[in-house]
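Comments concern the structure below.
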Amino acid sequence: MVIYVDIPIIQYPHYDLSISLEGNSYILEFKYVERMGLYTLSLYDAERNPIILGSAVVPEYPMFADYAIPNLSGYFLLTSKGNVGPEPYKLYPENINEYYYMVYVYNAEE
């Protein structure tokens, strides 16, 4: 069974979010990097030990799917809320939450 966990997107250039994924606590850090012109996502354990740092947040790409992360089998996905046109995540980063939603996707054993 495929499970989707909603990840809130907040209109701030930098924020942290504590979340439980697959029964474990993590901290997600979203940061807008002006030099890159996009947001990055970092993953920490509950004690703020880094697991993955500064991965680019891009639509329709399964972020962290290529990593072997203990206790996490899924990936993060930024998906458009409809036909949003060309690259609003780059053109309007301050309004990313208006154009996209993010989920964590994993398979749970039945």
Side-chain angles (χ1 to χ4, degrees):
M1 166 175 38
V2 177
I3 305 292
Y4 297 88
V5 179
D6 289 327
I7 308 293
I9 299 176
I10 303 171
Q11 280 185 275
Y12 293 116
H14 182 240
Y15 65 95
D16 293 349
L17 177 70
S18 296
I19 193 163
S20 176
L21 300 170
E22 298 187 53
N24 297 292
S25 295
Y26 297 94
I27 298 170
L28 300 176
E29 178 186 60
F30 293 88
K31 183 183 285 187
Y32 182 73
V33 180
E34 198 165 325
R35 177 178 46 85
M36 295 171 62
L38 49 79
Y39 279 88
T40 62
L41 174 62
S42 297
L43 176 68
Y44 300 88
D45 67 14
E47 288 78 39
R48 199 152 182 93
N49 296 307
I51 299 171
I52 298 173
L53 299 176
S55 181
V57 175
V58 294
E60 312 306 332
Y61 179 78
M63 293 173 277
F64 303 175
D66 297 335
Y67 293 88
I69 304 171
N71 302 316
L72 287 182
S73 62
Y75 56 89
F76 295 90
L77 187 64
L78 184 70
T79 303
S80 67
K81 291 182 176 180
N83 188 6
V84 297
E87 300 185 327
Y89 73 103
K90 287 185 177 179
L91 296 173
Y92 312 108
E94 68 278 3
N95 298 327
I96 193 169
N97 64 324
E98 292 180 25
Y99 298 101
Y100 300 98
Y101 62 92
M102 182 176 272
V103 292
Y104 176 74
V105 182
Y106 69 99
N107 287 312
E109 294 182 21
E110 295 183 37

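There is a path of hydrophobic side-chain contacts, each under 4.5 Å, that joins Leu43 to Tyr32. Both Ile51 and Tyr104 are part of a single hydrophobic cluster, where members link through side-chain heavy atoms under 4.5 Å apart. Leu21 and Tyr101 fall into different hydrophobic clusters, where Ile, Leu, Val, Met, Phe, Trp and Tyr residues are linked whenever their side-chain heavy atoms come under 4.5 Å apart, directly or through other members. A continuous path of ILVMFWY side-chain contacts below 4.5 Å connects Tyr75 to Val2, so both sit in one hydrophobic cluster.
The ring-ring contact (aromatic ring centres under 6.0 Å, His included) check on Tyr15 picks up Phe30, with sequence neighbours excluded.
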Could you pull out all donor-acceptor pairs under 3.5 Å where a side-chain atom in residues 52-74 meets a protein atom, sequence neighbours excluded?
residue	atom	partner	partner atom	Å
Glu60	OE2	Ser80	N	3.2
Tyr61	OH	Asp66	OD2	3.4
Ser73	OG	Glu22	OE1	3.1
Ser73	OG	Glu22	OE2	3.3

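Rounded to the nearest 0.5 Å, atoms CG (Leu77) and CE (Met102) are 8.0 Å apart. Atom OH in Tyr26 sits 11.0 Å away from atom CD in Glu47 (nearest 0.5 Å).
The shortest side-chain heavy-atom distance between Tyr99 and Ile9 does not fall under the 4.5 Å cut-off. Looking at Met36 and Lys31, their side chains never come closer than 4.5 Å, going by heavy atoms from C-beta outward. Tyr4 has its side chain out of reach of Asp6: every pair of non-hydrogen atoms, C-beta onward, lies at least 4.5 Å apart.
With Ile7 as the partner, the side-chain contact (heavy atoms from CB on, under 4.5 Å) test is satisfied by one option alone out of Leu78, Val103, Leu28, Leu41: Leu28.
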